[in-house]
S.K.: 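One structure is given below, represented as structure tokens, and several questions about it will come after.
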Amino acid sequence: IYKFMTRTNKKLLIYILAIILAVIQLVFCKTNPLPKTSLVPTNIPTPTTFIGEKQTILVTRVIDGDTIEIEGNIKVRYVGINSPESEQCFSNEAYLENKKLVEGKTVTLIKDVSDKDKYGRLLRYVYLNDLFVNDYLIKNGFAKIMMIKPDIKYYQEFKIGEKEAKEKKFGIWKICN
């Protein structure tokens, strides 16, 4: 029958079959191929995905001594450092220092190897103009080293900074045991 159909009728038959197959897939397949989130473009930049790629963006809120929120309600965890958690010694001081440094300011985020942590936060090195914020927080005793492979680009630099902060008894090294 197909052999004797006109070219227009053949195209129409192919379109009808494609629609039927799409409907069957939607009705009978367990996974829905349609996205659950909106694909409408926004003015918020998409997080970077390449190692070393830079992204300049506004910090809208400081969450604690090593976590910020940027435009688009995206949380960013500083790579390679760990500040005291709330209710731990020196947590408020670390939070206030981070807030003083970056809240309401435009920073540059740089990715190491990992894009996000298990909580969905971006993992980034943070710069405020020429100030390397991650390193500053370690050198001034507001954070300790927390290097997790594969994100170890600045391990040696952070190790030296932490050693100096301990020797000079800065921040947590002076106040906390």
Side-chain angles (χ1 to χ4, degrees), residues 37-38 40-177:
T37 57
S38 171
V40 178
T42 67
N43 292 332
I44 306 302
T46 304
T48 58
T49 55
F50 301 105
I51 296 172
E53 190 168 331
K54 296 178 182 181
Q55 175 186 18
T56 303
I57 196 156
L58 177 70
V59 175
T60 56
R61 177 170 78 104
V62 169
I63 296 171
D64 60 24
D66 55 32
T67 309
I68 57 176
E69 192 172 274
I70 58 173
E71 289 178 299
N73 297 322
I74 299 169
K75 291 186 174 122
V76 178
R77 174 73 161 74
Y78 295 176
V79 177
I81 73 169
N82 190 34
S83 69
E85 302 301 323
S86 61
E87 305 305 319
Q88 288 183 333
C89 180
F90 219 68
S91 65
N92 194 51
E93 292 85 347
Y95 160 75
L96 291 173
E97 186 68 13
N98 194 22
K99 184 176 175 103
K100 180 181 87 175
L101 285 172
V102 299
E103 190 169 80
K105 297 177 184 168
T106 300
V107 297
T108 301
L109 306 178
I110 301 178
K111 181 179 174 291
D112 196 339
V113 176
S114 303
D115 189 45
K116 294 181 179 181
D117 66 8
K118 64 182 179 180
Y119 304 107
R121 300 175 295 191
L122 296 179
L123 295 170
R124 298 294 187 268
Y125 298 111
V126 179
Y127 287 84
L128 177 66
N129 301 316
D130 293 330
L131 178 68
F132 185 12
V133 177
N134 308 50
D135 191 49
Y136 171 90
L137 293 171
I138 288 175
K139 285 181 176 178
N140 290 282
F142 294 101
K144 297 179 180 179
I145 296 175
M146 187 179 79
M147 301 304 288
I148 300 173
K149 289 182 180 181
D151 304 301
I152 58 172
K153 181 176 182 178
Y154 293 105
Y155 174 73
Q156 290 302 323
E157 186 175 334
F158 290 172
K159 188 176 174 182
I160 292 167
E162 184 177 86
K163 183 180 178 200
E164 289 173 7
K166 280 181 185 179
E167 289 171 356
K168 294 176 181 177
K169 297 193 184 308
F170 286 160
I172 55 177
W173 305 110
K174 179 180 181 181
I175 307 294
C176 310
N177 291 333

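All heavy atoms count here, side chains included; hydrogens, waters and symmetry mates do not. Note that the structure is predicted; figures quoted are calculated from it, not measured.
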S.K.: So do the side chains of Pro84 and Cys89 get within less than 4.5 Å of each other, counting heavy atoms only?
M.R.: no

S.K.: Can you measure from NZ (Lys144) to CG (Asn82) and round to the nearest 0.5 angstrom?
M.R.: 8.5 Å

S.K.: With sequence neighbours left out, write down each residue that passes salt bridge (charged side-chain N to carboxylate O under 4.0 Å, His left out) with Lys105, or none if nothing qualifies.
M.R.: none

S.K.: Looking at CD1 of Ile70 and CG of Leu109, how far apart are the two atoms once the value is rounded to the nearest 0.5 Å?
M.R.: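 Spacing of CD1 (Ile70) from CG (Leu109) equals 5.5 Å.
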
S.K.: Verify side-chain contact (heavy atoms from CB on, under 4.5 Å) between Lys116 and Arg121, making sure each step is shown before the conclusion.
M.R.: CA-CA 5 Å; Lys116 294 181 179 181; Arg121 300 175 295 191; over 6 Å; no

S.K.: Could you check whether any side-chain N or O of Glu103 sits under 3.5 Å from a backbone N or O of Val62, counting only pairs where one atom can act as donor and the other as acceptor?
M.R.: yes

S.K.: Kindly compute the distance separating CG (Leu58) from CD1 (Ile68), expressed to the nearest 0.5 Å.
M.R.: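 Reported value, rounded in 0.5 Å steps: 9.5 Å.
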
S.K.: Within the 4.5 Å heavy-atom criterion, are Asn98 and Val133 side-chain neighbours or not?
M.R.: yes

S.K.: Mind running side-chain contact (heavy atoms from CB on, under 4.5 Å) on Ile57 and Thr106 for me, showing each step along the way?
M.R.: CA-CA 5 Å; Ile57 196 156; Thr106 300; 5.9 Å; no

S.K.: Give a yes or no on whether the backbone of Val126 and the side-chain of Asn134 come within a donor-acceptor separation of less than 3.5 Å.
M.R.: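 Checking the backbone N and O of Val126 against the side chain of Asn134, a donor-acceptor pair under 3.5 Å is found.
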
S.K.: Please test Thr60 against Glu71 for side-chain contact (heavy atoms from CB on, under 4.5 Å), starting from the C-alpha separation and ending with a verdict.
M.R.: CA-CA 6 Å; Thr60 56; Glu71 289 178 299; 4.2 Å; yes

S.K.: Enter the distance from Ile74:CD1 to Leu122:CG here, rounded to the nearest 0.5 Å.
M.R.: 6.0 Å

S.K.: Taking only residues two or more places apart in sequence or in another chain, which ones pass salt bridge (charged side-chain N to carboxylate O under 4.0 Å, His left out) with Glu97?
M.R.: Lys100

S.K.: So that I can tick it off, tell me whether Lys139 and Asp135 are bridged by a salt bridge, with the cut-off set at under 4.0 angstrom between side-chain N and carboxylate O.
M.R.: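 Salt bridge: yes.
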
S.K.: Considering only NZ, NE, NH1 and NH2 on the basic side and carboxylate oxygens on the acidic side, decide whether Lys99 and Asp64 come within less than 4.0 Å.
M.R.: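 Looking at Asp64 together with Lys99, the answer is no, because their closest N to O distance does not fall below 4.0 Å.
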
S.K.: Taking ring pair (Phe, Tyr, Trp, His ring centres under 6.0 Å) as the cut-off, I'd like each qualifying pair that reaches into residues 73-95, sequence neighbours left out, listed once.
M.R.: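 Counting only pairs at least two positions apart or across chains, the ring pair (Phe, Tyr, Trp, His ring centres under 6.0 Å) contacts touching residues 73-95 are Phe90-Phe142.
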
S.K.: Short question: side chain of Lys118, backbone of Gly120 - any donor-acceptor pair under 3.5 Å?
M.R.: no

S.K.: Just do the side-chain contact (heavy atoms from CB on, under 4.5 Å) check on Lys54 and Thr56 with the steps written out, would you?
M.R.: CA-CA 7 Å; Lys54 296 178 182 181; Thr56 303; 5.6 Å; no

S.K.: For residues 112-134, which residue pairs pass the ring pair (Phe, Tyr, Trp, His ring centres under 6.0 Å) check, not counting sequence neighbours?
M.R.: Tyr125-Phe132, Tyr125-Tyr154, Tyr127-Phe132, Phe132-Tyr154, Phe132-Phe158

S.K.: In residues 160-172, what donor-acceptor pairs under 3.5 Å come from side-chain atoms, sequence neighbours left out?
M.R.:
from	atom 1	to	atom 2	distance (Å)
Glu162	OE2	Ile145	N	2.7

S.K.: Only counting residues at least two apart or in another chain, list the ones meeting salt bridge (charged side-chain N to carboxylate O under 4.0 Å, His left out) with Glu85.
M.R.: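 Counting only residues at least two positions away or on another chain, Glu85 forms no salt bridge (charged side-chain N to carboxylate O under 4.0 Å, His left out).
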
S.K.: Can you tell me how far NZ of Lys75 sits from CG of Asp117, rounded to the nearest 0.5 angstrom?
M.R.: 11.0 Å

